[in-house]
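Data first, discussion second: the structure below is written as structure tokens.
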Amino acid sequence: MIEKREKAQPRSLTLKENNYSFFSLAKNAFSKHKNWPQAWRSTEPKPEYDVIVVGAGGHGLATAYYLAKEHGSKNIAVIDKGWLGGGNTGRNTTIIRSNYMWDESAGIYEHSLKLWETLSHELNFNTMFSQRGVLTLAHTEHELKEMTRRVEAIRLNGIDSEVLNPRAIKQIVPIIDINPQLRYPVMGGFIQRRGGTARHDAVAWGYARAADQLGVDIIQNCEVTGFNIKKGTITAVKTVKGEIKANKVACVVAGHAGVIAEMAGFRLPIDSRPLQALVSEPIKPILDTVIMSNSVHMYVSQSDKGELVLGAGADSYNSYSQRGSLNIIEGMLAAAVELFPVFSRLRMLRSWGGIVDTCPDASPIISKTPVKNLYFNCGWGTGGFKATPGSGHVFADLVAKDEPNSLAAPFSLDRFVGGYLIDEHGAAGVAH
Amino acid sequence: MLHIECPWCGFRDDAEFHYGGEAHITRPDPSKTLTDEKFSEYLFLKTNTKGLILERWCHRSGCRRWFNVLRNTITNEILEVYPVTETPSSKQGKETYDRNWRRISPSKKTPKTDEAK
Ligand SMILES: Cc1cc2nc3c(=O)[nH]c(=O)nc-3n(C[C@H](O)[C@H](O)[C@H](O)COP(=O)(O)OP(=O)(O)OC[C@H]3O[C@@H](n4cnc5c(N)ncnc54)[C@H](O)[C@@H]3O)c2cc1C
Ligand SMILES: [Zn+2]
């Protein structure tokens, strides 16, 4: 149990005291940017909280933010075993879109995309959300037909989506090779123009700062090692910094969901696997949209710094090693060079891996659990960055009310017993 | 990249293999007593341990035969390779087999939180 500390926690600054604006930028320029106030406090745990969010990734921080902002919860902590945003939030390739096929997915991902559209303003933090469009290619007749059907389903849900022919694609992406002689020729594609990218770290930092301003404690280097469960109800979280009491515990730990569930005595339908990405040396602007191809297995975008950001599929086997197999990268680069011959002389600068939590139906879990007052949000697998705001928003609702709202309800754990799976392999196969 | 020792072909890169997931899952008897919960457990729930796991591999681009492996999912070290029809024989393999929640009787299935890691 954590002793009552003698020193008070540092006080969190209000938005008024630490508002980012043109004025504050100009003011701080006079002191050579040396006097910017700290964006959030790093705190030590209090003995007790109303809600403890485990996992300070984007989803966990968003959950805490919306709990404080929309549900008036006062006594909230977010704890992480490492540094905030150091999990998949800081490792992903930042593709954002809402063009999923089933109604349930359209609901949650579009809710999220709408929140993205106003997020920088809401958080007073530039998330660099850029609606540069997400273009998915088709390489076979069959894939094109299936894509057309998907586009119609997406449009029926009121989400923007259009099929493009190779000539239209070439207009948007002049560097692409649409030669019909290719091994996998570009036969067409579909685009969601409202899709795009955002700055991954900025999302974590923006939510952290905004949550801190509402009094949320952010506790880093505080690994959860177990739970105290009395009569089927959660009462405390055991951590390397001692035991912390909590009325409710919300776990958002992505690849480690299975490990944490095991601590609470139950299992999840989740496999944890490495997913890799890599970036090239920076070059001049050459690609101003996001290109994905499920059948040749690669996707690429160009960051504002000029680096090409590339990724592909997850490894086929379970692992927590945060590094994947080289053959995945080899295959992805071969596909990229075939589609974009101009990339062939680029050097790659870095590659890395994250551990993604994949579900049998490629849809997330936002749910109560067999333990009362313990909630899980996981299973986003290879594609949860885009859902960060929406996921945090509906999860906060679930934690506050102990009932899922209509957007979250289809993603509860009992779908694996009742059989109401939301099969999004078609939308999530490789693509993010 | 994993370097897997096929019992028939020797060490090969993981690109030649197909992953078969967790080993030793028994399909429940489809009698009238089979509940949705039990079947869901069989079909969907994963062991997904951070540490030692028992798993199946098939040498798809080689001899096309199946075999079982004891692997550490933190370091990717392969500690034992054994036939699909058998249970592991190494000490760590046996412990991993016995400790698995599927082989603990229902009354003991929920581990006491105190002893949980
Ligand atoms: C290479 C790669 C590319 C991707 N590309 C995309 C993409 O283009 N678009 C997209 O939408 N999605 C993408 N994703 C998926 C996306 O990154 C994730 O779905 C999303 O970021 C998950 O966010 P999160 O906050 O739930 O998890 P995380 O950011 O992983 O946060 C979980 C946190 O839990 C903490 N934690 C774990 N165990 C414990 C413990 N015992 N105690 C305390 N804390 C603990 C971790 O330290 C971590 O900080 C990609 C993922 C990877 C790896
Ligand atoms: Zn073989």
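Computed from a predicted structure; not experimentally measured. Protein chains get the first letters and strands the later ones, always in sequence-line order, with residue 1 at the start of each. Side chains are part of it too, since the values below use all heavy atoms of this structure and drop only hydrogens, waters and symmetry mates.
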Per-residue contact mode, A:L326 against chain B (heavy atom under 4.5 angstrom):
both
Who wins among A:G255, A:G258, A:S272 for the most heavy-atom pairs under 4.5 Å with chain B?
A:S272
Quick one: does B:F17's side chain get under 4.5 Å of A:Y317's, heavy atoms only?
no
Shortest non-hydrogen contact between B:W101 and A:R267, atoms and distance
CB-NH1, 3.4 Å
If I measure from the heavy atoms of chain A, does B:D36 come under 4.5 Å with its side chain, its backbone, both, or neither?
both
Sort out for me which of B:D13, B:N48, B:N76, B:T73 touches chain A most, counting heavy-atom pairs under 4.5 Å.
B:N48
Contact origin within B:L43 toward chain A - heavy atom pairs under 4.5 Å
neither
Where on A:L421 is there a heavy atom nearer than 4.5 Å to chain B: the side chain, the backbone, both, or neither?
side chain
Heavy-atom proximity to chain B below 4.5 Å, by part of A:R415
neither
Which one, B:T47, B:T49, B:N72, leads in non-hydrogen pairs under 4.5 Å with chain A?
B:T49
Heavy-atom pairs under 4.5 Å with chain B, option from A:N327, A:N318, A:I270 with the top count:
A:N318
For a quick test of reading the model, state the closest non-hydrogen atom pair linking B:S40 to A:V417 and the distance between them.
OG-CG2, 3.7 Å
